[in-house]
Amino acid sequence: MGKDVLVFGEIRNGELKKVVKELIAAAAVITGETGGAVDAVLVGAGAEKEASGISGYGLRKIAVVDDDAVADYSSEGYAAVLASLVGEEGYGYVLMGATSMGRDLGPRAAARVDGVMFSDCVEVRIDGGALVARRPVYSGKLFVELTPEGDGPVFISIRPNNIAPAGESGGSSEIAAKPSGVDRAAIRAIVSEIIPLAGGRPDVTEADVIVSGGRAMKEESNFRMLEKLADLFGGAVGASRAAVDAGYAEQPIQVGQTGKVVNPKLYIACGISGAIQHLAGMRTSKVIVAINKDASAPIFEKAHYGIVGDLFEVVPILTEELEKMLQ
Ligand SMILES: Cc1cc2nc3c(=O)[nH]c(=O)nc-3n(C[C@H](O)[C@H](O)[C@H](O)COP(=O)(O)OP(=O)(O)OC[C@H]3O[C@@H](n4cnc5c(N)ncnc54)[C@H](O)[C@@H]3O)c2cc1C
């Protein structure tokens, strides 16, 4: 197995995902022990522009792959690019974000090179010369530690917001354009359009602050109240599945086992009971604030701060007080 690490620099809507700098930091943990180098590959529209943004973050070289066949995301096309780079350069490890794209791409790329796939990890390290990847199981109640067997490259997807991002370390990386080698006509499914959420709000998986609403929001228009509070932090708005199922909020902002896994600095849960499936998506938030009128709601067992009260009274007061503080 090679000792070098390849970081997949995911680009969405022409911009590099925040998780990429976290992946660079995770890669440095591996190469700190293996003595290898960390490289990155950026694929698709915007790759060239974004590559210069991570030059100087300790990367040896950055491959830029941006031609018509890979301008838009397809799991087949992008997996072919990753697989051929791994084959050519002999990478031992490939890191990607456990994002929608990373979850789709990783297993397919790993299968193409007979590699191992460890999904949704929160930590990687080298222990006694062997890679150890840690990932939560049973909705975050337990962790397992995985070690690969065999000689194949190890693909690891890492949850966003778990690892402190790499900082600039000076110097610059070699940036080289590469053809994709992909035949667009042979690709059977391509992402031709990404429709942003109404209002263009921040992505829940990347936001530092999330204000979430549950069934208690009663109707879609009441989410404006949460948006107002979230805006004061430049934060995102999330929702429980009950709120999504009731049509109060859109599915892409659902937090939980069948929604997004988030890890913000601050999570404010408004009228959310704290069901295990919701906790599975937000229990690792650094600070959890719960607002619930039922003092025995399970969310209070996980919350660092709890407010027992009616959210329709508490949220406007919180918003008003914060506005005063920020003036
Ligand atoms: C396989 C499976 C997967 C699931 N995946 C998810 C998932 O990804 N995400 C998820 O969230 N759920 C998921 N669920 C559903 C989960 O079990 C719960 O049903 C759901 O989380 C409940 O949402 P809620 O807390 O908004 O609603 P409820 O459980 O009904 O809680 C509403 C809360 O609001 C409080 N409240 C009511 N009025 C007010 C008020 N005016 N002010 C303050 N508080 C008030 C109540 O006291 C109550 O605690 C899943 C379930 C299954 C079976």
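Counting starts at 1 for both ligands and their atoms, in listed order. Just so we're clear, the structure is a prediction, and the values are computed from it rather than from any experiment.
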Provide, to 0.1 Å, the distance between [atom] and the closest protein heavy atom, together with that atom's residue and name.
| atom | value |
| --- | --- |
| atom 41 (N) of ligand 1 | D310 OD1, 3.0 Å |
| atom 7 (C) of ligand 1 | Q254 NE2, 3.2 Å |
| atom 26 (O) of ligand 1 | S240 OG, 2.6 Å |
| atom 22 (C) of ligand 1 | A242 CB, 3.8 Å |
| atom 19 (O) of ligand 1 | R215 NH2, 4.4 Å |
| atom 25 (O) of ligand 1 | S273 N, 2.7 Å |
| atom 44 (N) of ligand 1 | K293 N, 3.2 Å |

Select the closest option to [atom] among [options], judged by heavy-atom distance.
| atom | options | value |
| --- | --- | --- |
| atom 48 (C) of ligand 1 | V244, I276, N292 | N292 |
| atom 3 (C) of ligand 1 | H278, R241, Q257 | R241 |
| atom 53 (C) of ligand 1 | M282, Q277, E313 | Q277 |
| atom 20 (C) of ligand 1 | S212, A275, G259 | A275 |
| atom 32 (C) of ligand 1 | G271, A269, G214 | G271 |
| atom 36 (N) of ligand 1 | A216, A239, G281 | A216 |
| atom 8 (O) of ligand 1 | V315, V314, T258, D294 | T258 |

Item checked: Given N162, N263, N161, the one that forms side chain to side chain donor-acceptor pair (under 3.5 Å) with T284 -> N263
Note to self: Angle between ring planes, Y73 versus Y78, binned at 30° and 60°: parallel, tilted or perpendicular?
What the structure shows: perpendicular
With the threshold set at 4.0 Å, does a side-chain nitrogen-carboxylate oxygen contact exist between [X] and [Y]?
| X | Y | answer |
| --- | --- | --- |
| D120 | R103 | yes |
| D310 | K293 | no |
| R184 | D67 | no |
| R60 | E174 | no |
| K178 | D66 | no |
| E206 | K18 | no |
| E10 | R12 | yes |

Contacting atoms of ligand 1, where contact means under 4.0 angstrom from a heavy atom of [X]:
| X | answer |
| --- | --- |
| G256 | 7 (C), 8 (O), 9 (N) |
| F312 | 41 (N) |
| V255 | 7 (C), 8 (O), 9 (N), 10 (C), 11 (O) |
| G309 | 42 (N), 43 (C) |

Margin query: Side chain or backbone, does I291 bring an N or O within less than 3.5 Å of an N or O on ligand 1?
Written below: no
Notebook entry, point to check: Do any N/O atoms on L311 end up under 3.5 angstrom from N/O atoms on ligand 1?
Noted result: yes
Item checked: Closest non-hydrogen atom pair between A51 and L42, with its separation -> N-CD2, 3.4 Å
Item checked: Shortest non-hydrogen contact from M217 toward F223 -> CG-CE1, 3.5 Å
Check: Hey, is C270 one of the residues with a heavy atom under 4.0 angstrom from ligand 1?
Finding: no
Checklist line | Partner of I268 by side-chain contact (heavy atoms from CB on, under 4.5 Å), out of L311, V289, V287 | finding: V289
Next item on the list: For residues L6 and L85, determine if any side-chain heavy atom of one lies less than 4.5 Å from a side-chain heavy atom of the other.
Entry: yes
